Amino acid sequence: MNHAESRRYPRSLALGEATVQIEPLTPADAGALDAFVQALPVQDLLFVRRDLSHPKVRESWLAAVASGEITSLAARCNGELVGCTAIVSDPLSWSRHVGELRVLVAPAWRGRGLGRALIQENFALALGQGLAKLCVTMTVDQRAAIAVFEELGFRAEAVLRSHVKDRDGQAFDLAILSHDVAEVQGRLELYGVSQALQTS
Ligand SMILES: CC(C)(COP(=O)(O)OP(=O)(O)OC[C@H]1O[C@@H](n2cnc3c(N)ncnc32)[C@H](O)[C@@H]1OP(=O)(O)O)[C@@H](O)C(=O)NCCC(=O)NCCS
């Protein structure tokens with residue numbers, strides 16, 4: 001079973017005047033995902049191992065979602081995709097207790113609390129999935145992203161020098177931050193996970 005199916009969705013989140021619906025991303029979101037990714041600056045895509053601007057990469061993401069290999073959420077407002085997430089894990093690897101978390105919020109929606117709420121929702125998903133550790137990767141200049149994750153308890157674990165190159169060949173360092181998810185379980189209330197997203 002896809003792990004997002006074991007939690008109740010949709011969940012709604014009030015962000016000022018707007019209400020955002022959170023629910024599993026599905027292959028039916030292919031068109032919305034194309035438009036969402038095309039509106040992102042390339043700098044925001046460098047943290048994902050493969051280049052999401054290639055249609056084949058998005059297709060394989062949605063295929064992995066359909067097969068349950070990746071757990072992904074979509075955040076929508078009035079039908080428009082405004083954010084999405086993925087937890088990538090491999091039950092056949094020696095790191096089967098580790099999930100790689102990816103979070104993307106549309107530029108126009110940043111700084112309003114959506115990213116934090118999506119990360120909190122993914123903590124809950126990771127716990128349900130039996131994962132003990134979540135890792136996130138981002139370029140070291142993504143100060144806002146690093147601030148969000150550190151605020152939620154992620155800590156820097158490694159820096160990979162000149163590890164990704166943009167289309168112009170400019171190299172960037174990657175920071176890897178991680179979080180002991182199991183330890184969060186006792187602090188769910190503190191983080192507001194249970195209140196963050198109410199089922200509707
Ligand atoms: C990282 C990201 C998901 C954050 O989403 P967001 O919706 O802007 O985050 P939030 O609004 O929930 O911000 C939460 C906290 O982040 C920090 N923050 C947000 N924007 C910031 C900015 N521009 N500068 C500094 N700190 C910032 C603040 O501490 C904020 O707390 P506050 O609300 O108390 O001020 C978003 O910036 C993004 O999609 N970035 C590109 C992709 C990426 O790098 N993903 C991370 C790798 S997985």
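We count ligands from 1, going down the list as the structure has it; atoms in each ligand are counted the same way. What you see is a predicted model; the values in this text were computed from it and never measured.
Ligand 1 has Arg112 within reach: a non-hydrogen atom of the residue lies less than 4.0 Å from it. Ligand 1 has no atom lying under 4.0 Å from any heavy atom of Leu118.
By the 4.0 Å N-to-carboxylate-O rule, Arg7 lies close enough to Glu121 to be salt-bridged with it.
Distance check on atom 35 (O) of ligand 1: every protein heavy atom falls at or beyond the 4.0 Å cut-off. For atom 43 (C) of ligand 1, a protein heavy-atom neighbour is found at a distance under 4.0 Å.
Cluster annotation: Ile176 is not connected to Leu152 through the hydrophobic network of ILVMFWY side chains, with a link wherever side-chain heavy atoms come within less than 4.5 Å. Residues Ile119 and Leu127 share a hydrophobic cluster, clusters being chains of Ile/Leu/Val/Met/Phe/Trp/Tyr side chains in contact below 4.5 Å. Clustering ILVMFWY residues whenever any of their side-chain heavy atoms sit less than 4.5 angstrom apart, transitively, puts Met138 in a cluster other than the one holding Phe172.
In this structure, Arg110 contributes its side chain and Val105 its backbone to a donor-acceptor pair below 3.5 Å. A distance-only check finds no donor-acceptor pair linking the side chain of Arg102 to the backbone of Ile87 [under 3.5 Å].
Ring-plane geometry between His179 and Phe123 is classed as perpendicular, the angle between the planes exceeding 60 degrees on a 0 to 90 degree scale with a lower cut at 30.
Among all protein heavy atoms, the one lying closest to atom 11 (O) of ligand 1 is Gly113 N, 2.7 Å. Atom 32 (P) of ligand 1 has Arg116 NH2, 3.3 Å as its closest protein atom, hydrogens excluded (heavy atom only). The closest protein non-hydrogen atom to atom 7 (O) of ligand 1 is Gly115 N, 2.8 Å. From the protein, the heavy atom lying nearest to atom 13 (O) of ligand 1 is Val148 CG2, 3.8 Å. Of the protein's heavy atoms, Arg110 CD, 3.4 Å lies nearest to atom 37 (O) of ligand 1. Given atom 46 (C) of ligand 1, the protein heavy atom at minimum distance is Phe149 CE1, 3.7 Å. Remark: minimum distance from atom 22 (C) of ligand 1 to any protein heavy atom is reached at Ala144 CB, 3.3 Å.
Counting heavy atoms from C-beta on, the side chains of Arg167 and Asp51 come closer than 4.5 Å. Phe154 is listed as a side-chain neighbour of Leu101, based on a closest heavy-atom distance under 4.5 Å. The shortest distance between side-chain heavy atoms of Thr137 and Leu160 does not fall below 4.5 Å.
Any N or O atom pair closer than 3.5 Å counts here, and Ala117 shares no such pair with ligand 1. Annotation: Val136 places no N or O atom under 3.5 Å from an N or O atom of ligand 1; distance criterion only. Considering both main-chain and side-chain atoms, Gly111 comes within under 3.5 Å of ligand 1 through a nitrogen or oxygen pair. Backbone and side-chain nitrogen or oxygen atoms of Thr137 are examined, and none is located within less than 3.5 angstrom of a nitrogen or oxygen of ligand 1. Residue Val103 has at least one N or O atom closer than 3.5 Å to an N or O atom of ligand 1. By the 3.5 Å distance cut-off applied to N or O atoms, Val105 is counted among the residues near ligand 1.
Near Leu104, the atoms of ligand 1 lying under 4.0 angstrom from a non-hydrogen atom of the residue are 39 (O), 42 (C). Ligand-side atoms of ligand 1 in range of Asp44: 41 (C), 42 (C), range being under 4.0 angstrom from any heavy atom.
In this structure, Ile22 and Leu118 approach most closely via the heavy-atom pair CD1-CD2, 3.7 Å.
Rounding to the nearest 0.5 Å places CD of Gln129 at 14.5 Å from CZ of Arg96.
By the criterion of a heavy-atom distance under 4.0 Å, the backbone of Arg102, and not its side chain, is placed next to ligand 1. At a 4.0 Å heavy-atom cut-off, ligand 1 touches Leu101 through the backbone alone.
Within the set Pro107, Ala147, Ala106, the minimum heavy-atom distance to atom 29 (O) of ligand 1 is found for Ala147.
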